[in-house]
> 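Sharing a structure with you now.
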Amino acid sequence: MNKLISPSLLSADFGNLERDIEQLNQSDADWFHIDVMDGVFVPNISFGFPVMKYINKLSHKPLDVHLMIVDPDKFVSQVKENGGEIMNVHYEACTHLHRTIQNIHNAGMKAGVTLNPHTPVEVLTDIICDVDLVLLMSVNPGFGGQKFIEHTYDKLRRLKELVVNSGSKALIQIDGGVNAENAPKLYELGADCLVAGNAVFKGGDIQGNIKAIKYH
C-alpha cells in the first residue's frame with residue numbers, strides 16, 4: 001500500500017514561499033500539489049504558470065498539477081514546460097476525456113482525472129485503465145479550509161473496487177479537508193496519496209504536520 005502525501009501549495013505563505021518550499025523539500029512529502037483555478041470552472045482564481053515555474057525551480061519533488069479550469073486541453077504544453085509531471089483534469093471539464101488523456105501522455109506526463117463530490121466513480125469505467133491517477137474531491141473545489149465530506153469514504157471504497165477489478169494501475173488521491181484524524185482511514189480504505197493544505201501549513205511546523213498525517 002502506498003502512503004504518499006502531496007501538500008497543496010495553495011495554503012503556503014506566499015510572502016515566504018521560498019521558505020515554505022524549502023521546508024517541504026526537507027520533509028517526507030512526496031509531491032507538490034499545484035492547484036490552478038480560473039474563476040470560471042470554480043468560483044476562485046489561484047496562481048498561474050509564472051508562479052508554477054518559480055515553484056518548479058525551487059522544488060526537489062515532482063509537481064502534481066491539478067487544473068480546476070475549463071478547456072484544460074489548451075494548456076497541456078504549458079503544464080509540461082513549467083515542470084508538471086502529473087497533469088490532473090476534471091472529468092466535468094472535459095468533453096473528450098480520452099483525447100485529453102492521450103494529449104497529456106503524448107506530452108510526456110502522467111494523466112490524472114478528478115471527480116467532484118457529486119460525480120459517481122462509475123463514469124470512469126471505460127477510461128480507468130488509461131489513467132495513472134484518480135483524484136476524488138472530498139470538498140467542493142475552489143476554496144481551501146472546507147470540511148471533509150463523509151460520503152467520500154463510501155466513494156473511495158467503490159473506486160478501489162473499480163481499480164482492482166479492472167486491473168488498472170491508477171493511483172487514488174483524495175483532496176479536501178484531509179488531516180491527521182481522517183488520514184488513517186483514507187489510507188486503510190485504499191487511498192494511495194493524500195492532498196493536504198491547511199493541515200500541513202498550520203502553525204508553521206510543516207515537517208511535523210506532514211509526519212502526523214502520513215504516519216499517524
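One-based numbering along the sequence shown.
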> Any donor-acceptor pair under 3.5 Å linking the side chain of T100 with the backbone of H96?
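Present.
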> Decide if atom CZ of R157 counts as having more than 12 heavy atoms of other residues, nucleotides or ligands within a radius under 6.0 Å.
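Count over threshold, so yes.
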> Does a side-chain N-to-carboxylate-O contact under 4.0 Å join K214 and D30?
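Judged by the 4.0 Å cut-off on N to carboxylate O distance, K214 and D30 do form a salt bridge.
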> With a 3.5 Å distance limit and no angle check, can you tell me whether E85 reaches the backbone of M109 through a side-chain donor-acceptor pair?
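Not a single qualifying donor-acceptor pair exists.
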> Applying ring pair (Phe, Tyr, Trp, His ring centres under 6.0 Å), name anything that partners Y153, two or more places apart in sequence or on another chain.
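Residues passing ring pair (Phe, Tyr, Trp, His ring centres under 6.0 Å) with Y153: F148.
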> Look at the side chain of N209 and the backbone N and O of K202, then say whether any donor-acceptor pair between them is shorter than 3.5 Å.
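Answer holds: yes.
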> Is any side-chain heavy atom of D132 closer than 4.5 Å to one of H105?
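Counting from C-beta outward, H105 and D132 do come under 4.5 Å.
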> Would the distance check show the side chain of D64 and the main-chain N or O of H33 forming a donor-acceptor pair, the cut-off being under 3.5 Å?
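Answer holds: no.
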> Which residues pass the side chain to side chain contact (heavy atoms under 4.5 Å, CB included) test with K169, sequence neighbours left out?
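Testing K169 for side chain to side chain contact (heavy atoms under 4.5 Å, CB included), a comparison that skips the adjacent residues, returns none.
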> Side chains of D192 and Y187: is there a donor and an acceptor less than 3.5 Å apart?
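Looking only at side-chain atoms, Y187 and D192 do not form any donor-acceptor pair under 3.5 Å.
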> For the CG atom on D126, are there more than 12 heavy atoms of other groups (residues, nucleotides or ligands in this structure) within a distance under 6.0 Å?
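It does not: D126 CG has 12 such atoms or fewer within range.
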> May I ask you to establish whether K61 and F32 are in a cation-pi arrangement, using a distance under 6.0 Å from NZ or CZ to the six-membered ring centre and at most 45° from the ring axis?
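Ring-cation test returns no.
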